[in-house]
Protein chains: 2
Amino acid sequence: MVKIQKQDTTEQKILGAAKSVFLEKGMAGARMQDIADKAGINKALLHYYFKSKEKLFEMIFKEASALFFSKINGIIDADIPLFDKIENFCSAYIDMLLQNPYLPLSVLNEATKQPQRFKQKLWKNREQIFIKFAHEIASETQKRKIKSIDPAHLFMNMISMCIFPFIARPVWMISTGMDENEFRAFVEERKKTIPQFIIESLNK
Amino acid sequence: MVKIQKQDTTEQKILGAAKSVFLEKGMAGARMQDIADKAGINKALLHYYFKSKEKLFEMIFKEASALFFSKINGIIDADIPLFDKIENFCSAYIDMLLQNPYLPLSVLNEATKQPQRFKQKLWKNREQIFIKFAHEIASETQKRKIKSIDPAHLFMNMISMCIFPFIARPVWMISTGMDENEFRAFVEERKKTIPQFIIESLNK
DNA sequence: GTCTATACTCGGATAGAC
DNA sequence: GTCTATCCGAGTATAGAC
């Protein structure tokens, strides 16, 4: 008889704890003790499972950054009209960010502070996610369906408007006086307002 | 006779070195040794001038974040038409960011990782920079001069598009294959493309 | 596999000579 | 004011008992 899997193995607990601590504090700021505490074990056991802090970090980080970048591919690749694609992209991406609010800051941080490691160890086999998107823009522009625009700028605009609020959240909350719930509602709204804003700008 | 000021006092050198190291590595990642090296002195002297790492950091950070937020006020407060204001804002802000490319990531990081300290020590007397802007949008909307839009979303869109490229630079450069010069040219272009993009969207 | 105890290292901070 | 030498805490990593 197959044993019913109790899913919270020690390894699972460690990975979960490590993810939250690393994403929140970054590699330099994270403490093995915090990870151990959060996992309900001691430091020694961390090293038993994952040789070193560096190794543990890479494990977490690869998975996290894969999520950050790969979710997009399916949507960008889909064979649907451009405007629908923009709507789907913003909506799906913001949903993902709502579930992983610390992800972008963490990824961009490591890319900035340890560019070598990022490029070599953490940035393997990434798709050129916006190339197909760029072609699509160029084609629509040529067909005179939308106003002429540089695809790179449009793409940058779109991801900026989706991601930045999550990075700037604490400052935004302080300066607007929003609380957690209001902020959540605000970014929920953005699933609609961003595509609207973009499409208004592109429409002839 | 007034003594000619030789401007590179030790204190100046320390502050300059500390600024670049802190902005690049963040509080947790920065090393006093690196700051000392870059300033051409030794660690002991750092402590002679600025009691502790924490103190030095706060000094640098307050000044830096003041720059980050206060440059905006003058532009937002100016008594000129809305569209001109948007153009001026993007242009001036991107110029400032070109001169301080690490600033936003650093500020937003500390706000995220040490929210208490940020709110208490580093976020003193900040203006509610976007309140006047919001009123102006509301007024233009009522006068039916522009399409109706929530000022909070518009403001967030604008700062997102200006700031985010600087935060995402390393990832963007890797995934597009841009080099330093191309990236610089790209954000220079954005001084024009962002206002265009916004104004196209707002225009009736 | 999991723990306690401890070794080792790095880096912030201080003492004291000049 | 500036240096060398040193201290000491924090935090990663390991040894070894259970």
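So that the names make sense, note that chain A is the first sequence line, chain B the second, and so on, each numbered from 1.
A salt bridge is absent between K191(A) and E87(A); no separation between the charged side-chain nitrogens and carboxylate oxygens falls under 4.0 Å. Contact check on K192(A) versus E189(A) returns no salt bridge, with no Lys/Arg side-chain nitrogen under 4.0 Å from an Asp/Glu carboxylate oxygen.
Among the nucleotides dC3(C), dG1(D), dT4(D), the one closest to any side-chain atom of N42(A) is dC3(C).
Distance I14(B) CD1 to dG1(D) C1': 10 Å, rounded to the nearest Å. Residue I35(B) contributes atom CD1, which lies 14 Å from atom C1' of dA13(C) at whole-angstrom precision. To the nearest angstrom, P of dG12(C) lies 16 Å from CG of L45(B). Rounded to whole Å, atom P of dG12(C) lies 20 Å from atom OH of Y49(B). Following rounding to the nearest Å, D37(B) (CG) and dC10(C) (P) show an atom-to-atom distance of 15 Å. Regarding F50(B), its CZ atom lies at a distance of 12 Å from the P atom of dG1(D), rounded to whole Å. To the nearest angstrom, P of dG12(C) lies 16 Å from NZ of K55(B).
The backbone N or O of M27(B) sits less than 3.5 Å from a side-chain atom of K53(B), completing a donor-acceptor pair. Under a 3.5 Å cut-off, the side chain of D84(A) and the backbone N or O of I80(A) do not form any donor-acceptor pair.
In summary, of the residues considered (F186(B), F183(B), F164(B), F166(B)), a ring-ring contact (aromatic ring centres under 6.0 Å, His included) with W172(B) occurs for F186(B) alone.
Applying the salt bridge (charged side-chain N to carboxylate O under 4.0 Å, His left out) test to residues at least two apart or on different chains, none of the pairs has a partner in residues 22-41 of chain A.
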Open item on the list: At under 4.0 Å between heavy atoms, how does the protein contact nucleotides 7-18 of chain D? Give one character per nucleotide, 5' to 3', with B, S or -.
Closed with: ----SBBBB---

